Structures are given as structure tokens and as C-alpha cells.
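For reference, the structure discussed in these notes is given below.
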Amino acid sequence: MINMTNPVGPTPLDKPGLVGQPLDRIDGPLKVSGRATYAAEYHDEHPLYGFVVQAAISKGRLDEIDTTAAEKAPGVRLVLTYKNALKQGPRGTSGNPQLEGPSIDHHGQPIALVVADTFEQARAAAYLVKPRYAAEKGEYDMGSSLAKSFVPKSNNGVPADTASGDLTAAFTNAPVKVDVTYTTPPQTHAMMEPHATIAVWNGDSLTLYTANQMLMRGTDMVAGTLQIPKDKVRMVSSYIGGGFGGKLQVEADAILAAMAAKVLQKPVKVVLTRQQIFEITKHRTDTIQRVKLAAGRDGTLTAIGHESWSNNTPGDTFYESAAQATRSFYAAPNRMTAHRLVTLDLPHSSSMRAPGEAVGLLALECAMDELAAALNMDPIELRIKNEPQEDPEKGRPFSTRSFVPCLRKGAELFGWSKRNATPGQVKDGAWLVGMGMSGAIRGNPMLTAKASVTLDKNGIATVRSSMTDIGTGSYTILAQIAADMLSLPMARVRVALGDTAFPAAPGSGGSFGANSAGSAVYDACNVLRGKLLQAANLPPDSTFNNGNVTGLGRTVSLTDLVGPNGLEADGAADPGDSRKAFNQQSYGAHFAEVGVDRDTGEIRLRRMLGVFTAGRILNAKTARSQAIGGMTFGVGAALTEDLVIDKRFGGFVNHDLAEYHVAVHADIPAIDAVFLPELDDHSSAMKSKGIGELGICGAGAAVANAVYNATGVRIRDYPLTLDKVLNGWAAANKTGDAVSQRKAG
Amino acid sequence: MKAFTYERPTTLADAAKAIMAKPNAKFIAGGTNLLDLMKLEVETPTHLVDVNRLPLDKVEDTSDGGLKIGALVRNSDLAADPRVRKNYGVLSRALLAGASGQLRNKATTAGNLLQRTRCYYFYDTTKPCNKREPGSGCSAIGGFNRILAIMGTSDECIATHPSDMAVAMRVLDATLETVSPDGSDRKIPIADLHRLPGKTPNIETNLKPGEMITAVTLPPPPKGVQIYRKVRDRASYAFALVSVAAVVDAEGGMIKQARMAFGGLAHKPWRVEKAEQVLAGAKANAEAFAQAGEDVLAGGQGYGHNDFKFPLVRRTLASVLTTAAHSA
Ligand SMILES: Cc1cc2nc3c(=O)[nH]c(=O)nc-3n(C[C@H](O)[C@H](O)[C@H](O)COP(=O)(O)OP(=O)(O)OC[C@H]3O[C@@H](n4cnc5c(N)ncnc54)[C@H](O)[C@@H]3O)c2cc1C
Ligand code: SF4
């Protein structure tokens with residue numbers, strides 16, 4: 001068992017090997033040739049098809065729901081409503097009940113499931129379900145409901161509020177300060193694969209082929225909801241077409257499919273449409289964030305305050321921990337962070353890639369840029385000036401902290417010295433050009449995990465774990481770890497993931513996947529090495545090389561040691577106390593150059609660079625992909641993504657990817673990510689840190705700061721769309737130096 | 001999606017007959033708009049007449065030096081046609097500024113002209129919408145209307161026609177050719193195809209029931225510089241907030257003739273004769289461009305989120321005209 005209470009010390013991964021190499025994803029060929037089976041594709045189950053009917057109001061209840069016409073429609077087998085739904089457990093961390101009763105909490109809430117022989121029949125019949133509503137007035141606008149905000153219960157043991165020193169006094173007395181409010185809109189995960197489940201009952205055992213990032217927690221939730229023993233639930237998510245947090249929980253597709261399959265005693269498939277995903281599943285809440293920074297004239301921060309408001313459906317306690325990163329990022333003697341939650345009658349909000357940091361840094365890192373401008377100081381120097389030597393709130397040491405090297409290396413690679421600090425000065429044809437930067441910080445969690453590894457008589461090693469691969473490269477890095485630990489080539493390692501029949505791992509979320517499952521695989525391999533040594537009768541200091549083990553002057557092939565049935569070993573990993581003893585984060589610095597059209601205000605990214613440190617990099621290629629993927633997400637957050645709330649009706653106005661704008665290829669021209677070498681032996685058995693979310697953290701702020709540098713317009717309301725640029729120019733009585741000053745004719 | 005019947009005629013005569021044989025029948029071409037609307041039951045045809053096997057997929061020279069574009073010519077093919085690229089650059093650019101490569105491969109000339117609005121509420125059957133359900137109200141007025149119209153709107157509807165291609169065709173003075181179920185054919189100037197919403201936003205064009213577009217003809221190439229400028233929220237795969245299609249004939253700092261059509265402003269490609277008259281014979285300078293902008297926007301109305309389109313039109317137009325006058 002790996003326990004991270006103590007540093008890992010020297011390991012077999014310290015010598016150069018496959019770990020770290022930019023290897024292609026081992027599941028790539030399966031995916032591009034259509035042989036990777038996704039949740040909705042277990043066709044041999046011959047499922048019936050369920051289609052969800054959604055509430056057309058945002059608050060109130062069903063007075064009546066008439067299913068007669070739907071039931072008579074061709075091919076229909078079942079119409080499930082609250083009247084005939086199975087009894088379910090309560091809503092909470094281990095319950096997501098559906099069709100509980102007539103009450104309606106939010107627009108788009110499932111109110112029925114129509115099951116038919118074909119998808120088309122189910123969908124057609126779904127429109128025949130006739131609900132009658134008693135609507136009530138709801139509240140949909142956070143800005144006008146702040147008076148009703150409250151202190152939420154802590155998220156995962158992290159308190160909602162922290163404070164030290166005297167923020168008010170320090171702020172009042174400071175010679176230079178900013179007090180700014182930033183707003184970020186709701187966002188949706190917009191992963192490629194929709195939420196999808198095929199539910200199959202075998203007696204009292206349930207198998208769910210489903211798209212889910214965290215299977216063990218998923219079985220808890222399914223069991224808790226359906227009120228069945230947890231060991232009767234198997235979840236299979238072999239391949240997942242992206243999640244970004246949208247598949248951390250068991251959603252309506254799984255629960256409804258399971259209930260219908262139980263009633264009908266036949267497999268049932270439910271796939272949500274894109275339009276349904278927006279309101280049935282969770283989204284990232286909008287936030288209002290107030291940041292106060294105070295500094296001496298030399299740029300030394302004396303006070304940092306960060307308050308954040310977010311919202312959720314009645315009874316849902318998740319809040320966006322936007323100020324959490326502020327607790328670790330910069331030194332200052334007087335500090336305050338606070339989170340407040342507002343209850344609104346909107347769809348449920350929850351985690352989306354880097355919950356907390358992703359939107360928190362959009363505010364903090366722009367406020368830092370504003371402070372740098374007020375100080376007439378380079379924003380990189382401002383950050384270096386306030387580099388803490390230890391956790392600024394708790395006084396714990398950092399496990400490792402290489403933020404300053406990221407800043408310096410990034411500045412050098414990006415050509416930061418060429419930036420003109422005075423906004424609105426650099427022109428290139430029709431464009432105003434600006435550069436901006438931002439810091440990146442992301443917590444480095446780890447959870448308990450298990451894995452097993454077998455080595456068969458043909459020398460093939462097979463790793464098993466209920467870890468998931470949501471497109472990140474889990475299959476590949478786990479194979480690399482096992483290959484190095486057992487001194488095998490990649491071609492002799494198989495990895496089987498995404499099945500709760502395998503040893504329990506938490507899955508993919510919060511950037512803990514590689515730390516947790518990787519350490520368990522490492523441990524399993526270590527145990528297997530022990531067994532091999534025992535079989536070979538060799539001492540622990542023997543060396544593994546090329547599928548052999550050498551010691552005492554003897555070299556033995558591993559295949560000769562495993563016997564006819566092969567050898568198996570179980571591994572486990574536990575975070576221990578290292579995260580209490582050390583403040584653990586991964587770091588980075590983003591640099592962006594944008595062009596802003598002088599006539600139209602259109603903002604286009606021109607180039608972007610991220611420089612990161614996250615302990616040992618397990619695969620240079622998948623790590624870079626994660627980083628540039630996160631940065632791309634950040635560009636979307638800065639410039640385009642906006643899930644618009646209809647403040648009269650509740651619910652969201654834009655329902656599809658034509659009108660919810662994620663960044664497309666043309667928006668991301670030259671983008672690169674660089675990882676600086678680092679080892680963190682308090683983090684994981686591999687001395688690596690989580691990287692799945694680091695890339696998004698701060699990325700959007702670098703873009704926003706570049707827009708300010710280009711235009712002189714500071715937009716504090718994300719996303720930064722051209723209308724806001726035009727308004728900014730109009731307010732400042734500037735024209736963007738556009739048409740009126742350009743010579744015509 | 002409601003169940004429907006389907007047929008795929010191979011002659012115009014059969015297609016014309018088929019469309020009237022069943023009530024509530026519709027033509028389907030690329031299906032890139034119609035199918036989306038059917039899935040949401042915004043459109044509920046009972047019968048589809050697939051026009052894809054009709055011999056309408058050619059681009060041909062006309063005797064007067066123009067082009068005749070078959071109704072089924074795909075947006076990608078039309079944009080890539082060498083004659084279009086050489087002589088009607090504004091059209092090629094407008095097409096390529098629209099949608100995505102995959103959609104353009106499917107989308108047809110007629111389907112593009114007849115695509116329906118992207119008003120969010122039109123697609124959301126839980127909300128009132130006069131276009132979808134006459135008399136139910138307009139959710140966009142007082143709601144989120146950032147992408148919607150500022151010109152030619154009514155109290156009943158502020159939807160825009162979202163096409164890029166149609167804006168270019170409008171500036172080129174294209175003409176539609178149609179056949180009706182009774183076999184008669186007629187020509188319709190593109191200016192007369194789309195209607196303003198008025199009291200009947202559900203009636204979007206002046207086509208008669210069952211009337212099929214067979215071709216679009218372009219007059220001989222106009223003189224002057226051709227520009228298509230699309231202003232949008234991301235670099236690709238976004239509908240126009242505002243677009244300008246311009247053909248400007250200028251020389252020595254003087255504009256001889258300027259033709260301008262606008263997308264993203266109205267229920268149809270927007271073109272204002274007065275603005276063109278003002279520019280004809282005018283000096284190419286900021287004052288003239290500003291005046292043209294005022295004339296284009298005369299009588300317009302903003303609805304809050306889309307107020308920015310007024311300055312945006314002025315600025316974009318001035319930019320386009322400046323570029324055109326410079327490159328002439
Ligand atoms: C995500 C997305 C983004 C898009 N972005 C853009 C964009 O940026 N710019 C842009 O301009 N467009 C855009 N489009 C719209 C696209 O251009 C249209 O969907 C397409 O042009 C429609 O052509 P179609 O052949 O597929 O039409 P269909 O969907 O087949 O038909 C559309 C309508 O035309 C009717 N019809 C078709 N052919 C005939 C005929 N011969 N005679 C009479 N009636 C006929 C049909 O009955 C139907 O009502 C986008 C679409 C999508 C889905
Ligand atoms: S603008 Fe037109 S299409 Fe949009 S909601 Fe109003 S009536 Fe419907």
C-alpha cells in the first residue's frame with residue numbers, strides 16, 4: 001500500500017523509461033476506427049429506447065399529466081411518470097431520484113420517460129404526453145437576489161469563509177488599491193458524447209453501460225437512489241467521450257433507464273439530446289466576484305479580499321469555490337475570502353473543469369492586472385514580488401511551488417519584453433494588438449484507489465482498475481507506469497478500465513485520477529515485483545530489465561517465474577496526511593496575444609503559451625493535450641461561452657452548440673504548452689501532480705488582460721464580446737481609433 | 001419528431017404533383033435546417049418530398065453573361081465554382097463564411113434561401129413565439145434578443161433571416177426561378193422573396209403553397225470591388241451579428257456606384273436604395289460613409305441586447321466602404 005504521509009523516496013520510475021515519453025494514446029486506433037464501444041453502443045443488448053419528457057415551467061407543480069395518447073402511440077411500452085415511478089431514496093450525495101413527485105424545481109426537469117421499440121417512436125410519443133401545470137413565480141436572477149444569500153456548508157471540508165489580519169484597515173490605509181467586481185456567466189460542459197445509459201437487469205443485479213467519470217461514487221448513487229445493495233450495481237464506462245465534470249454524477253439518463261428496465265424487465269437505453277443536457281444535467285453556475293487588493297507603492301500586497309456569490313437549485317448545497325485559489329496564491333498579511341450561495345429556481349449547478357479556480361482566477365488574475373496598472377508595474381514583477389514562502393493562510397510548507405520559474409520561462413519564450421505596457425498603442429492593419437498574462441494554480445488532490453496487475457505466462461501484463469479514461473490518456477499513462485515498473489515494452493501491457501468489477505478507483509475528476517489510480521497501479525506492480533523476486537529467490541536489490549530480473553549473478557525471464565496461471569498482485573494507494581502537512585498545488589503562467597478589430601471590436605486570439613509545473617510528467621504528449629485543451633476552454637470562457645438565463649421564464653435561452661459558443665479551431669491559432677521539470681515526492685507514487693484542470697486555470701484572464709492591453713477597455717463581465725468592447729470605447733469616448741480616424745478615399 | 005411519409009421523385013413534374021398530393025407536405029433538400037426543426041417538432045410535415053434526385057444541380061452560363069445556379073447546387077460547390085470565384089467573389093465569400101464545411105457540403109442553394117430564423121425562442125417549444133404559433137406572443141421582445149433584428153421589425157416578431165448567401169445574392173440582384181404545382185413557372189427578384197414579419201411572422205416568403213425553387217440566376221458580373229464582411233462572435237461557425245455585402249465601383253476617390261446589402265439586421269437581407277443613391281457620385285470619405293450608415297439604419301429599433309448593432313453597422317459599413325474605395 002502506498003501511503004503519501006511520507007515522501008515516496010527513490011523509485012524505479014526515477015530512471016529514464018517509458019514514463020514521460022510522448023507516446024500516442026493506446027486507445028487511439030480503437031477510437032478512430034470505431035471499435036471503442038461507448039455507452040450507447042452495446043447493441044447486443046437490443047434495448048428498448050427511452051425518451052425524456054421535460055417540464056416546460058421553472059417552478060410549480062404538475063396538476064395533471066395525461067399519458068393516454070402517448071401510451072397508445074405506436075411501439076410504446078411504458079410511460080413512466082411520478083405516478084408509477086419506483087420508490088427511490090432521497091436526493092443528496094448518494095441519491096439522484098427522478099420523477100419523485102409532481103413538484104417542479106427547474107425548467108427542463110424530467111417529468112416522464114416514454115419507452116418504445118425505437119428511438120423515433122419514443123421521441124414522437126414523448127410529444128404526446130400532456131402535462132398541466134400550476135406554475136409559481138420563481139427567482140432566476142442572482143444579481144437581484146443577493147440579499148437572500150447565505151453561508152453554504154463547507155465543500156469537501158473546505159470552509160466557505162477564511163480571514164486573517166484586518167482587511168478593512170489595511171485596505172483603507174493602502175496607498176494603491178483596486179476594488180473590482182467581476183461576473184462570469186453560467187457555462188455548460190459541452191463534451192462531445194452526450195449522457196447515455198443502457199440499463200440491464202439480471203434478476204436483482206443491475207448493469208449500467210453508462211457515460212460516467214466516477215464509477216465507484218456512481219454505484220453509491222445508483223444504489224442509494226434505487227434502494228438496492230451497492231454490490232448489486234455494476235457500472236461500465238470503458239470509453240467516455242469527454243466529461244469535464246458533467247459526468248461526475250449519475251444523471252437522469254441512468255436512473256430513468258434503470259427504473260424503466262426494471263418495470264419492463266428488458267434492457268432500456270436512454271440518451272439525452274444536446275438540448276436536454278443543458279437543463280437536465282448540471283452546469284457551472286454564474287458568479288459575482290468582488291476582489292479587493294491593496295499594496296504599498298513598491299507593489300507589496302498588504303491585503304487580499306475575494307468574495308464570491310454563486311447559485312443553485314433549492315436544496316442543492318454545491319457552491320462554486322471561486323475564492324479558494326486566492327487562499328494559496330499570493331502573500332499578504334491581511335486576508336479574507338468568502339463564499340455565498342443564493343437559491344434560485346434554475347437547473348442544478350455543480351462542478352465543471354477546475355471548479356473554483358476556473359472562474360475564480362478570471363476575477364483574481366484580472367484584478368492583479370488592474371493593480372499592476374495602478375502601480376505602473378509589470379504584472380509579472382508584481383506577482384514575483386508577492387510570492388509566498390509558505391501557505392499564506394495556514395503557514396504550511398508548499399510541497400513544491402515553481403510558480404516563479406513558470407513566469408520567467410514563459411516571459412522569455414513568449415517575448416513578453418516586447419509588450420507595450422500602455423494600452424491601445426500597438427496596431428497591425430485593422431487590428432489593435434495586445435498582450436496579457438496570468439498565473440495558474442490548481443489544487444492537487446488524491447483519493448484512495450486500488451488496482452490489480454497480472455502477468456501471464458506469455459509475458460503480457462494486464463492492469464485492471466475502475467478508473468476511467470474520459471479522453472485524457474488514463475489508459476496510456478497507466479500502461480506506461482506498469483511497463484516501466486515491470487520492465488516490459490508498451491506492446492506487452494494491457495489496461496482494462498471503466499468497470500466496477502475491477503478494483504475500486506475513484507475515477508476522473510478534480511485532477512486526482514492519475515495521482516490516485518497511478519499510485520495504485522504503481523503499488524500493484526511493486527507487489528508483483530516482490531512476488532516475482534520471491535519466485536526467483538532473488539533479493540530486493542535485483543534489477544528488472546527487458547522482461548528479466550537479474551540478481552546474484554543470475555538473469556531470469558519473468559515469464560519463467562509466473563507459472564502456468566500467471567501471477568497477480570493487488571495494489572492500493574492512500575493520500576495519507578501529506579495534503580494536510582503540505583499545501584499542494586500545480587502551477588503555471590499563461591501568455592496571450594490578441595487582436596481586436598478596430599472597426600468591429602471583434603476579439604481574436606493570435607497566439608497563446610502556457611508554461612506549467614505539475615511534478616513528473618507521465619506522458620509529454622497527453623499532458624500537452626490536456627494543457628492546450630484547458631487553455632482552449634479558457635479562451636472560450638473569456639470570449640464566447642455564455643449559457644444565457646432567461647430572467648423572466650427561468651431556464652436557459654440557448655440550447656445547442658450552434659448558439660452556445662465554445663471555441664472552434666479557427667479561434668485557436670498558435671497555442672502551445674510547456675512543462676518545466678519538477679518532482680513532487682509528497683504528491684503521488686509517481687511524484688507527479690494532477691494536470692487535467694491546470695490548463696484552464698487563469699487562461700481566460702490572460703486573454704482578458706490582453707484585450708485590455710490592446711484596447712484600454714477593461715471588461716469585467718465575461719464573456720468579452722464585441723458589443724462590450726464597443727460600449728467600452730463609447731464610454732471612454734474613444735473610437736478604437738477606428739473608422740472616423742482612418743483616412744478614406 | 002412526428003412520423004412522416006417520404007418520396008423521392010426524379011422529375012420536376014412528379015415533384016410538383018407530389019407536394020400537393022398530401023396536406024402539409026414539404027420539400028427536403030440538404031435537410032440541415034428542416035430535420036433539426038422536425039426533431040424539435042417546430043416543423044411537423046406529414047410528408048417529405050426529397051428533391052435531391054431532380055436535375056437541378058448544375059451551374060450554367062446564361063446567354064446574357066450571367067450564371068444560372070440550380071436549386072440543388074451545394075453551398076460548397078457553388079463557393080468553389082471558378083466562375084463564381086472570379087466574377088462573384090462576394091457570393092463565394094459569403095458562402096464560405098457560413099456554417100461549417102460539413103454543413104456546406106449538404107446545404108443547397110434553395111434550402112439556404114429558405115432556412116428559418118435562429119431566434120432561440122423559435123426553437124424552444126416551451127415558449128411563446130408568434131412565428132411558430134401565431135398569436136402566442138413574442139418571447140424575444142423583452143427577452144434575450146442579442147442576435148435579433150433591428151430593422152423592419154414588428155411588435156409581433158423581431159427575427160432575422162440568418163443566411164449569408166442570401167445577402168450576397170441580394171446585392172447581386174439575383175432572380176429566383178420557380179415552378180408551381182400546376183406546372184406554371186415564374187421568376188421572382190430576390191428582393192421580393194422574403195417578407196417582413198408584420199402581423200404574420202409565420203408567413204416568411206412570397207412563395208405560393210407548393211411552389212418550388214428550381215434555380216437562381218445572377219445577372220452579368222457587376223463592375224467594382226466585391227466585399228463580404230461578416231461580423232461574428234467567433235472566428236468560424238457562428239451566424240452573423242451583422243454582415244455587409246458590398247459591390248463598390250470607385251475611382252480616384254469618387255464613388256460611381258455602391259451597392260450594399262446587410263445580414264443580421266432584418267427578416268430579409270436588408271438593402272436601402274437611399275443609402276446607395278447618396279453614395280453614387282459622392283466623394284469617398286468618412287462623412288459620406290456615415291451618411292450612408294444613417295440611411296441604412298433609418299427607422300430601425302433596438303430591443304436592448306441588440307442595440308449594439310446600430311454602432312456596429314455604422315462602423316462595419318464605413319470600414320467596408322473604406323477598404324473598397326482604397327482597393328478600387
Ligand atoms: C449549426 C449550424 C450553423 C449554421 N451556420 C450558418 C451560417 O453561419 N450562415 C448561413 O448562412 N447558414 C448557416 N447555417 C444554415 C445552413 O446554411 C442551412 O441549414 C442550409 O443552407 C439549408 O439548406 P438545406 O438544403 O439543408 O435545406 P433544408 O433543411 O433541406 O430545407 C430548408 C427549407 O427549404 C425548403 N426547400 C428546400 N429546397 C427547396 C426547393 N427547391 N424549393 C422550395 N423549398 C425548398 C425546405 O422545405 C425547408 O423548408 C447553419 C446551420 C447549422 C445547423
Ligand atoms: S422574434 Fe419571432 S421567432 Fe423569435 S420569439 Fe419572437 S415571434 Fe418567435
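Everything quoted here is computed from the prediction, not taken from an experiment. Every chain is numbered from 1 and lettered A, B, ... according to where its sequence line falls, protein lines coming before strand lines. Just so you know, these numbers use all the heavy atoms, side chains as well, and skip hydrogens, waters and symmetry mates.
Proximity to chain B is absent for every atom of A:V635, based on heavy atoms less than 4.5 angstrom apart. When heavy atoms are compared at a cutoff of 4.5 Å, B:K39 approaches chain A by way of both its backbone and its side chain. For a residue to count as touching a neighbouring chain, one of its non-hydrogen atoms must lie under 4.5 Å from one of that chain's; by this rule B:L321 does not touch chain A. Of the atoms belonging to B:F239, it is side-chain heavy atoms, and not backbone ones, that fall under 4.5 Å from chain A. Only the side chain of B:P128 has a heavy atom closer than 4.5 Å to any heavy atom of chain A. Looking at A:V644, the atoms closer than 4.5 Å to chain B (heavy atoms on both sides) all sit in the side chain, from C-beta outward. Of the two parts of B:S139, the backbone and the side chain both hold a non-hydrogen atom closer than 4.5 Å to a non-hydrogen atom of chain A. Heavy atoms of A:Q54 lying under 4.5 Å from chain B are absent altogether. Only the side chain of A:H655 comes within contact range of chain B, with at least one heavy atom under 4.5 Å from a heavy atom of that chain. For B:R232, the parts lying under 4.5 angstrom from a heavy atom of chain A are both the backbone and the side chain. Using a 4.5 Å cut-off between heavy atoms, B:L241 contacts chain A through its side chain alone, with no backbone atom that close.
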Salt bridge (Lys or Arg N to Asp or Glu O under 4.0 Å) assessment of A:D599 paired with B:R229: CA-CA 11 Å; A:D599 298 316; B:R229 178 71 166 96; over 6 Å; no
Yes or no on salt bridge (Lys or Arg N to Asp or Glu O under 4.0 Å) for B:K127 and A:D646, after CA distance, side-chain angles and deciding distance? CA-CA 11 Å; B:K127 301 292 186 311; A:D646 192 306; 5.9 Å; no
Checking A:D63 against A:R61 for the salt bridge (Lys or Arg N to Asp or Glu O under 4.0 Å) test, could you report, in this order, the C-alpha distance in whole Å, the side-chain angles of both residues, the deciding distance, and whether it holds? CA-CA 6 Å; A:D63 260 356; A:R61 74 195 155 74; 3.0 Å; yes
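Using a 4.0 Å cut-off between a side-chain N of Lys or Arg and a carboxylate O of Asp or Glu, B:R259 and B:E276 do not qualify as a salt bridge.
Counting heavy-atom pairs under 4.5 Å between each of A:T640, A:N727, A:T721, A:L128 and chain B puts A:T721 at the top. Your options are B:V242, B:L40, B:I147, and the one with the most heavy-atom pairs under 4.5 Å with chain A is B:L40. Most heavy-atom pairs under 4.5 Å with chain A: of the set B:K283, B:H305, B:R146, B:E287, this distinction falls to B:R146.
Here A:H107 and A:Y140 keep their ring centres 6.0 angstrom or further from each other.
The closest side-chain donor-acceptor pair between B:N112 and B:S163 falls under 3.5 angstrom. Of the N and O atoms on the side chains of B:Y303 and B:T153, at least one donor lies less than 3.5 Å from an acceptor on the other residue.
Aromatic ring pairs are classed by plane angle as parallel below 30°, tilted from 30° to 60° and perpendicular above 60°; the pair B:Y121 and A:F649 is perpendicular.
Here CE of A:M142 is found 7.5 Å from CD1 of A:I645. Values are rounded to the nearest 0.5 Å.
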